[in-house]
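So you know, we letter chains A, B, ... as the sequences are listed, proteins then strands, and number each from 1.
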Amino acid sequence: MNGLRAAGDLVARLQMTRGMRLPEAKRLVADRLGVSVRDLSDNVVMQEVRAELGLGRVLDSEAPYPEQPTAMEAKMNIAELLDLPLNCVQKFRERSTVVERRSAGRAT
Amino acid sequence: METTFPTRMGDGALVEMTRTELRRELEDGSARAAKVAKVEPLSEVELDHLEEIFASRARFTGVDIGDEVVLTYDGTGMLPAAKIDGLVQYEQSLAADSCELFHPDYCFNAVRKVQATEAQLMHEAQNRLTIPIHYGAQADLGRYSAPDGPMPNWSELLPEGRIDEARAAQEAAAVLAANDMRQVAEALWEAGADGIDFDTSAAAGDAEFFAVLETIRGLRRDYPTMSIEVGMASEFVLGMHGQIEFDGVRLAGLWPREQMRLAAQAGATIFGPAVNVNTTRSVAWNTARAIAILKPCLQEASIPVHVNVGMGVGGVPMHVCPPIDAVSRVSRALVDLLHVDGL
């Protein structure tokens with residue numbers, strides 16, 4: 001589905017985490033992004049949408065995006081947009097606050 | 001004289017066939033599936049569509065715009081010294097929808113010994129990639145039998161007629177395998193993995209499938225949001241044990257629909273059926289056969305189905321570098337006729 005060039009990773013996440021069949025997963029992602037289902041695999045449309053929502057983009061040496069989110073920052077936005085509990089985002093939040101670490105008793 | 005079209009054999013060899021010959025291959029492949037798997041043969045409309053896909057001189061073919069499906073993998077990033085860079089290449093250069101970190105041994109038994117370093121790699125990979133990252137390996141029950149493992153070798157016991165001992169050895173091996181799979185899955189999840197791919201499941205038969213299903217059930221209970229993909233080793237679960245059951249269903253002899261039902265019951269979120277390829281028959285024959293076998297599975301699927309289309313399964317030729325003309329025809333045929341959720 002063109003991965004990060006379009007919306008393949010987003011549809012994949014709903015299949016992987018929610019066990020959604022393809023039509024249902026495509027519909028939900030399209031609704032959350034405010035685009036048509038057909039737009040999801042159109043990298044021309046999705047490059048703009050991903051930039052606007054901060055969902056991460058394919059990097060190109062001729063078009064760097066230093067102001068755009070890093071991978072983890074993009075995944076935080078994806079988790080929020082799709083209302084998905086992304087494991088790495090949850091772990092990142094837990095491990096990047098002293099309060100959480102103290103309450104969890106993390107010694108290492 | 002009838003025009004010929006370039007097509008492939010199941011071993012990848014390029015051959016020429018007429019439209020009439022291709023049609024005969026498709027009909028025969030479908031009939032063969034109906035006979036061995038006791039499924040309905042493909043309809044005339046379905047055979048017509050396959051004939052259009054294969055009777056073409058095009059280097060590459062594809063699905064209609066908008067009909068694209070999600071791709072998951074059994075191992076991505078083939079740079080041993082730079083595993084994370086390999087994953088990044090799949091994301092950035094190949095536009096993969098997902099990727100999979102793996103150890104070259106690709107076996108939970110082997111990974112268990114190095115799971116800390118594998119988990120560290122996953123941790124770092126999650127900071128560099130945006131697309132979801134599975135960790136993949138296979139149960140590989142044979143690793144637990146002599147001379148490599150602690151259990152008696154059931155492949156030696158069975159020919160000697162020592163059936164009870166062979167069954168006991170497999171049951172004991174399944175316990176060890178399930179423990180390794182659980183430990184590795186937990187370690188990778190704690191490092192931030194999006195999920196676990198239990199690939200090439202049931203390669204050693206029904207006891208291995210049992211170990212995988214039991215592991216998944218436990219993981220789903222304790223990790224409700226973990227992605228769990230089950231990729232099968234072949235179209236039919238071998239009855240190396242013969243009596244082992246999961247949820248009251250005997251595992252020996254199960255075809256993709258029944259495999260999918262149990263994978264979903266156990267808690268998998270993606271099921272990957274595998275249909276074997278006959279290298280002496282054409283890709284058209286193998287594709288028609290695969291589609292007929294898989295159709296009941298897709299019709300009943302309650303979770304996404306990502307059909308295995310690697311080297312030697314699903315209709316793709318058995319070759320280390322499967323030719324793109326064959327891979328694209330097989331992939332399009334599976335999407336067009338079965339409406340698969342992914343590949």
### Query
Where is the tightest heavy-atom contact between Asp97(B) and Ala12(A), given as atom of each residue plus distance?
O-CB, 4.0 Å

### Query
Does Glu124(B) CD have over 12 foreign heavy atoms under 6.0 Å away?
yes

### Query
Quick one: what part of Val63(B) sits under 4.5 Å from any heavy atom of chain A, side chain, backbone, both or neither?
neither

### Note, Thr269(B) side chain near Gln15(A) side chain (heavy atom, < 4.5 Å)
no

### Query
Considering all heavy atoms of both residues, which atom of Arg95(A) and which atom of Glu190(B) are nearest to each other, and what is their separation?
NH2-O, 2.5 Å

### Task
Pick one of side chain, backbone, both or neither for Glu229(B), based on which atoms fall under 4.5 Å of a heavy atom in chain A.
neither

### Which portion of Leu129(B) sits near chain A, non-hydrogen atoms under 4.5 angstrom
backbone

#### Entry: Pairwise distance SG(Cys88(A)) to CD1(Ile133(B)) - rounded to 0.5 angstrom
7.5 Å

### Message
If I measure from the heavy atoms of chain A, does Ala301(B) come under 4.5 Å with its side chain, its backbone, both, or neither?
### Response
both

### Query
Is there a side-chain contact between Met1(A) and Val69(B) (heavy atoms, below 4.5 Å)?
no

### Message
Tell me whether Glu48(A) at atom CD has more than 12 heavy atoms from other residues, nucleotides or ligands lying less than 6.0 Å away.
### Response
no

### Query
Is there a donor-acceptor pair under 3.5 Å between the side chain of Lys75(A) and the backbone N or O of Pro132(B)?
no

### Query
Roughly how far, to the nearest 0.5 Å, is CG of Leu59(A) from OG of Ser93(B)?
10.0 Å

#### Entry: Test item: Trp189(B) and Lys91(A) side chains (from C-beta on) under 4.5 Å apart, heavy atoms
yes

### Task
Tell me, for Leu343(B) versus chain A, whether the close heavy atoms (under 4.5 Å) come from the side chain, the backbone, both or neither.
neither

### Task
Could you grab the distance from atom CG of Asp194(B) to atom CZ of Arg13(A), nearest 0.5 Å is fine?
4.5 Å

### Query
Any side-chain heavy atom of Met72(A) within less than 4.5 Å of one from Arg128(B)?
no

### Message
Could you tell me if the side chain of Ile65(B) sits less than 4.5 Å from the side chain of Arg38(A), heavy atoms only?
### Response
yes

### Query
So which of Ala193(B), Ala268(B), Gly192(B) has the largest heavy-atom pair count under 4.5 angstrom toward chain A?
Gly192(B)

### Query
Highest number of heavy-atom pairs under 4.5 Å with chain A: which of Glu91(B), His123(B), Gln92(B)?
Gln92(B)

### Reported CG-to-CG distance for the pair Leu94(B) and Leu4(A), which is rounded to 0.5 angstrom
12.5 Å

### Message
Go through it in stages, so that I can follow the logic: the residues are Leu22(A) and Val70(B), the test is side chain to side chain contact (heavy atoms under 4.5 Å, CB included), and I'd like the CA-CA distance, side-chain angles, deciding distance and then a yes or no.
### Response
CA-CA 8 Å; Leu22(A) 185 62; Val70(B) 170; 4.1 Å; yes

### Task
Just do the side chain to side chain contact (heavy atoms under 4.5 Å, CB included) check on Leu298(B) and Arg21(A) with the steps written out, would you?
CA-CA 10 Å; Leu298(B) 268 296; Arg21(A) 300 287 312 265; 3.8 Å; yes

### Message
Under 4.5 Å from any heavy atom of chain B, what part of Val58(A) do you find: side chain, backbone, both or neither?
### Response
both

### Task
State the CG-OG1 distance between Leu55(A) and Thr130(B), to the nearest 0.5 angstrom.
9.5 Å

### Query
Among Ala7(A), Ala6(A), Gly19(A), which has the most heavy-atom pairs under 4.5 Å with chain B?
Gly19(A)

### Query
Can you tell me how far CD1 of Ile228(B) sits from CE of Met16(A), rounded to the nearest 0.5 angstrom?
11.0 Å

### Summary
If one checks every heavy atom of His339(B) against chain A at 4.5 Å, the contacting part turns out to be backbone

### Summary
Of Ile303(B), Asp341(B), Ile270(B), the largest count of non-hydrogen pairs under 4.5 angstrom with chain A goes to Asp341(B)

